[in-house]
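First the structure, in the form of structure tokens, and then the observations on it.
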Number of protein chains: 2
Amino acid sequence: MAAPNRTQFAILGFLSLGSMSGYDIKKLVEESTANFWSESFGQLYPALQKLSEGGLIEKQATISEGGRPRHIYSINDRGREALAAWQREPTAPPPVRIELLLKLFFGARCDRATNRRQLLAYREQMVSDLEHYRTIKERLRRGASGNAELPYWLFTLRFGEHDRAAHIAWCDETLAVLDELPDVGSEAGEEGNPPWQASTRTGT
Amino acid sequence: MAAPNRTQFAILGFLSLGSMSGYDIKKLVEESTANFWSESFGQLYPALQKLSEGGLIEKQATISEGGRPRHIYSINDRGREALAAWQREPTAPPPVRIELLLKLFFGARCDRATNRRQLLAYREQMVSDLEHYRTIKERLRRGASGNAELPYWLFTLRFGEHDRAAHIAWCDETLAVLDELPDVGSEAGEEGNPPWQASTRTGT
DNA sequence: ATTTGCATGTAAAATGTTACATGATTGC
DNA sequence: GCAATCATGTAACATTTTACATGCAAAT
């Protein structure tokens, strides 16, 4: 079954919604999970082949309307089992690397205007994300009412809404505090060593 | 100046707080930014060398107490400039891949108990993160009061608090809705193709 | 005619983690 | 003596993105 590659499970998930080609999966990903999960062709095609070789999905070479060759993949029982098994497995927290916070952590090394600009740009992104989610939600409510999976799709959307709203609130709070800080410019008082002590890292 | 490697900027940031060795940086990272930014030795040591070659930091071979060799690095003016320039630059949003949401997106493919377990485990992690942040906060308030960078360090902590609190709220909301959903088990009604349509992806 | 979309794949590069190799010192 | 911490570095591996290569068909 090769490496515990998450791409393969994503593929199994999408194929569980219906048979389709690699190209179709890519499109579906962009339209549905792109906000929290995306895949590139460079991952999809090799993974499809591996799944096919592993006997979790079936490949049928078809000719589409225009006479173009198309490889349609379908999930089988072994694939469905593998999908469900993955869903049952404990989920490792994703590695986080938030560049904005790294910049802000060293915020005393640059001027206030710079920090403000970064926060405002981030805030704008969060607001536009929220708008985007609302659009998707309306489309879903119209196009998928009655669909048994709709609630689950809405769960992931609500995640985005909670998350972005919280980040906007954080931006506002941070901007307010920032305005009351002395603007030392980029030449701050250096040396005076950091008060960090060995922390008992909460193991994962 | 080689690749626009973020590790190098992280290093510059930490060296702007004081001169230290690669080992020291690694320790500091673990104690301070690990919640939103981490680095491994495999990245740190080559990056230190590159920065040194690039003339952004200075290397001094020292002998520490025990007679062990130590390489102490110090940031110079060019390095400080590069750090500030990076802070001014627009920040690209990090790629998000949240496995929990991917599993939940296909939640109709497994039983309710499985979805519940995943949500509860995630919720627990969020709660323990919050506790961890509180510990750090207290330590900071005691050990760094008066420090000019303290506000910025608290900003990143507040980010974590906002973020985790929102995710906990989402978990609770989701668990409540989940309980009212029919438990179809892993054999749900398949086919009935997804209502996703081409979405105008909000460009980044 | 030319662009856009459909469709599949490979190669290369960037990024990052984990494991390995080495060796000294300090505390138990 | 032995484990833990200090300390530096390399090698292998995994993951993922981006770019490249190819070609047909439909729409403009």
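The figures here come from the full heavy-atom set of this structure, side chains too, leaving out hydrogens, waters and symmetry mates. Chain letters run A, B, ... following the sequence lines, proteins first, then strands; residues in each count from 1.
Of the possible polar contacts, none joining the E58(B) side chain to the N76(B) backbone as a donor-acceptor pair under 3.5 Å is found. Side-chain N or O atoms of K103(B) include none that pairs as donor or acceptor with a backbone N or O of T114(B) at under 3.5 Å. No donor-acceptor pair closer than 3.5 Å links the side chain of D163(B) to the backbone N or O of A166(A). Checked by atom type and distance alone, the side chain of R117(A) never pairs as donor or acceptor with a backbone atom of R88(B) at under 3.5 Å.
The OH atom of Y73(B) sits 13 Å away from the P atom of dA7(D) (whole-angstrom rounding). Here dT16(D) presents its P atom at 12 Å from CD1 of I11(A), a figure rounded to the nearest Å. The CZ-C1' distance, from F9(A) to dT15(D), rounds to 15 Å in whole Å. Going from atom NE2 of H71(B) over to atom C1' of dG9(D) covers 10 Å, rounded to whole Å. What separates CE of M20(A) from C1' of dC6(C) is a distance of 16 Å, to the nearest Å. Between the CG atom of L44(B) and the P atom of dT15(C) there is a distance of 15 Å, given to the nearest Å. Distance, N5(A) CG to dT17(D) C1': 14 Å, rounded to whole Å. Taking atom CD of residue Q8(B) and atom P of nucleotide dA14(C), one finds them 13 Å apart after rounding to whole Å.
Looking at Q43(B) and T7(B), their side chains do bring a donor and an acceptor atom within 3.5 Å of each other.
Here the straight-line distance linking atom CZ of F155(A) with atom CG of L150(A) works out to 9.5 Å at 0.5 Å rounding. Separating the CZ atom in R116(A) from the OG1 atom in T174(A) is a distance of 11.5 Å, to the nearest 0.5 Å.
Residue T7(A) places no side-chain N or O under 4.0 Å from the OP1 or OP2 atom of dT15(D). Taking only side-chain nitrogens and oxygens, Y23(B) never comes nearer than 4.0 Å to OP1 or OP2 of dT8(D). The phosphate of dT8(C) has OP1 or OP2 within less than 4.0 Å of a side-chain N or O from Y45(A). Phosphate contact (OP1/OP2 of dC6(D), side-chain N/O of S21(B), threshold under 4.0 Å): absent.
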Between the protein and nucleotides 17-22 of chain C, list the N/O to N/O atom pairs that are separated by less than 3.5 angstrom.
| residue | atom | partner | partner atom | Å |
| --- | --- | --- | --- | --- |
| dT17(C) | OP2 | S40(B) | OG | 3.4 |

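Two residues, D24(B) and Q49(B), neighbour DNA chain D, and the one matched to the more 5' nucleotide by heavy-atom proximity is D24(B).
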